[in-house]
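Since the structure comes first, as C-alpha cells, the remarks are kept for the end.
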Number of protein chains: 2
Amino acid sequence: MPAQSTRELIVEKADALFYESGFEATSFADIAAAVGISRGNFYHHFKTKDDILDAVIARRMERTRAMLGGWQAEGEGPRERILSFIHMLIANQSQIMDFGCPVGTLCSELAKLGHAAQGRATEIFGLFRDWLADQIRELGAVDRAETLAMHLLAWSQGVAVMATAFKDEAFIRNEVAGIGQWLASLPDLSQPT
Amino acid sequence: MPAQSTRELIVEKADALFYESGFEATSFADIAAAVGISRGNFYHHFKTKDDILDAVIARRMERTRAMLGGWQAEGEGPRERILSFIHMLIANQSQIMDFGCPVGTLCSELAKLGHAAQGRATEIFGLFRDWLADQIRELGAVDRAETLAMHLLAWSQGVAVMATAFKDEAFIRNEVAGIGQWLASLPDLSQPT
DNA sequence: GTCTATATCCTGATAGAC
DNA sequence: GTCTATCAGGATATAGAC
C-alpha cells in the first residue's frame, strides 16, 4: 500500500475541518497546521480555496458511493439496507450533536454564501436519494419511490438539525424508532402473501 | 410612533444579513453599508460582533413570541393553530429555498463555530417546541405532547434543509401535505364523539 | 451620535530560494 | 515538493475630531 500523498492528506484534513468548523470559518492556515505543512507549500497542491472544496466534495462523493455500495452488498434485503442508512443517525450521534450532518450543513452554508459548488454538494444528497429510491422500488413502491426517498432523507436531516440544537440522545433514539416503524409500515409488494 | 433608532436599524439589518449570508460571512462593513452608517459609528452602538448576535437573537425571540401569540389569538382551535406553523413552509418557501430556516441554520452554524450563543439560539426552537406542545396537549395527547412537538419541529427542519439543497417546490408541497395528514391522524381526545 | 483616520491582525495568494 | 518571505486586501476594533 502506497503512503498517503500530501495532496490526499490535505483533502482529508480539509474535509474534517470543513465539517467541524464550516467552510468559511476554516482558513488555509488551519488546514496547513492540521496537515503539518507551511502555507506556501499549500499552493503547490491547490491554487484556490474553491479548488480544495471541489476536492473535498469529490472525496465525499467517492466515499458515499463506497458506503452505499457496501450496504448494497451486505444487506440481505431492501428493508435491511434502508435500516443501514437510518442507523447512521445512531452510529454518528455524537458527531451529529456537535456538528450536524456533513452533507446538510455544507449545502446550507454554500447556499448562504451563494457558492458555485452548491449544486455539486447537493449531488451527494442525490446519491442517497437515488440509492434509497432503488431500495423502495425493490419493495414494490415503484411509482412513489423517489417521493418516499426524499421524505426519508428529509426526516433524517430534520433529526440531525434538532440533535445539533438540543443535543438530546433520547430524541434521536425516539425519532430513529419512528423511522423504523414508518419503514415497517411500508407494504412489501414484491413479496405478496 | 417614534422613528426607528439607529440601534434598531442595525439589529434589523444584521438579522437579515446573518440569515442570508451567515453570521461568520457577514462583516461589520456589510452591516454598516446596509444601515448607511460608517464603520466607526458602528462601535458606538455595539462593542463586538457577538453583542450584535445577542441583539439579533433577542429580536428573533421577541418576534417569535409575537408570532406565536398571534397564532394563539387568531386560530380557532389547536389543529388550526398548528396549521399556521406548518403553513410557514409554504409562505416562506422562496426564502427557505435560498437560505434555509433562520433558526435551524443559525443553530447549526453556531454549533460548528463553538459559539457561546448557541444555547440562546436553541431557545428560539424552545419557544416553538413549547407552543406546539401546548397545542398538542389541547388535542388531548398530554403525555406525548413534547415528543410529538419535537417530531413536528424536526419534520419542518428536514423539509427546510432539503428545500434549500434541491430547490424543489413540489417536494415542499408534498411534505406539507404529508404533515397535514399526520396532523389529521392525531386523535382529538379533547372532544370525544 | 456621527464621522475620519488609524492600528493590528489575519485572510487568500504569490515569488522565489533550496 | 517544501520552505521562507512577502504582498495586497479586508477583518475587528480603537482614538479622537466634530
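The shown structure was predicted, so the numbers you read here are calculated from the model rather than taken from an experiment. In the text below, chain A, chain B and the rest are named by the order of the sequence lines, each starting its count at 1.
Tracing side-chain contacts under 4.5 Å through hydrophobic residues (I, L, V, M, F, W, Y), one never reaches A:V142 starting from A:L132; they form parts of separate clusters. A:Y19 and A:I31 are members of different hydrophobic clusters when ILVMFWY side chains are connected at heavy-atom separations under 4.5 Å.
For DNA chain C, the span of nucleotides reached by chain A at under 4.0 Å from its heavy atoms goes, 5' to 3', from C:dT11 to C:dT14.
Counted by atom type alone, A:N174 and B:H151 present zero donor-acceptor pairs between their side chains at under 3.5 Å.
Relative ring orientation between A:F128 and A:W71 is described as tilted, the plane-to-plane angle lying within the 30° to 60° band.
The SG atom of A:C107 sits 12.0 Å away from the CZ atom of A:R120 when rounded to the nearest 0.5 Å. The CD1 atom of B:I179 lies 7.5 Å from the CZ atom of B:F85; values are rounded to the nearest 0.5 Å. To the nearest 0.5 Å, the span separating CZ on B:R79 from CG on B:L183 amounts to 5.5 Å. In this structure, CH2 on A:W131 lies 9.5 Å from CD1 on A:I136, to the nearest 0.5 angstrom. Between the CG atom in B:L53 and the CD atom in B:Q118 there is a gap of 11.0 Å [rounded to 0.5 Å]. Atom CG in A:D30 sits 13.0 Å away from atom NZ in A:K13 (nearest 0.5 Å).
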For residues 90-106 of chain A, tabulate all N or O donor-acceptor pairs below 3.5 Å that involve a side-chain atom, not counting sequence neighbours.
| unit_1 | atom_1 | unit_2 | atom_2 | d |
| --- | --- | --- | --- | --- |
| A:T105 | OG1 | A:C101 | O | 2.6 |
| A:T105 | OG1 | B:K112 | NZ | 3.0 |

Is there a ring-ring contact (aromatic ring centres under 6.0 Å, His included) between A:F28 and A:Y43 once you walk through the steps?
CA-CA 10 Å; A:F28 274 41; A:Y43 289 86; 5.0 Å; yes
Listed pairs, N/O of protein and of nucleotides 4-9 of chain D, under 3.5 Å:
none

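The side-chain hydrogen bond (donor to acceptor under 3.5 Å, both in side chains) check on B:R129 picks up nothing, with sequence neighbours excluded.
Contacts of residues 7-35 of chain A with DNA chain D (heavy atom under 4.0 Å): none. Contacts with DNA chain D (heavy atom under 4.0 Å) in residues 108-116 of chain A: none are found.
Straight-line distance from the OH atom of B:Y43 to the C1' atom of D:dA13: 5 Å, rounded to whole Å.
Residue-to-nucleotide proximity on DNA chain C shows that, of A:K47 and B:H44, the 5′-proximal contact is made by B:H44.
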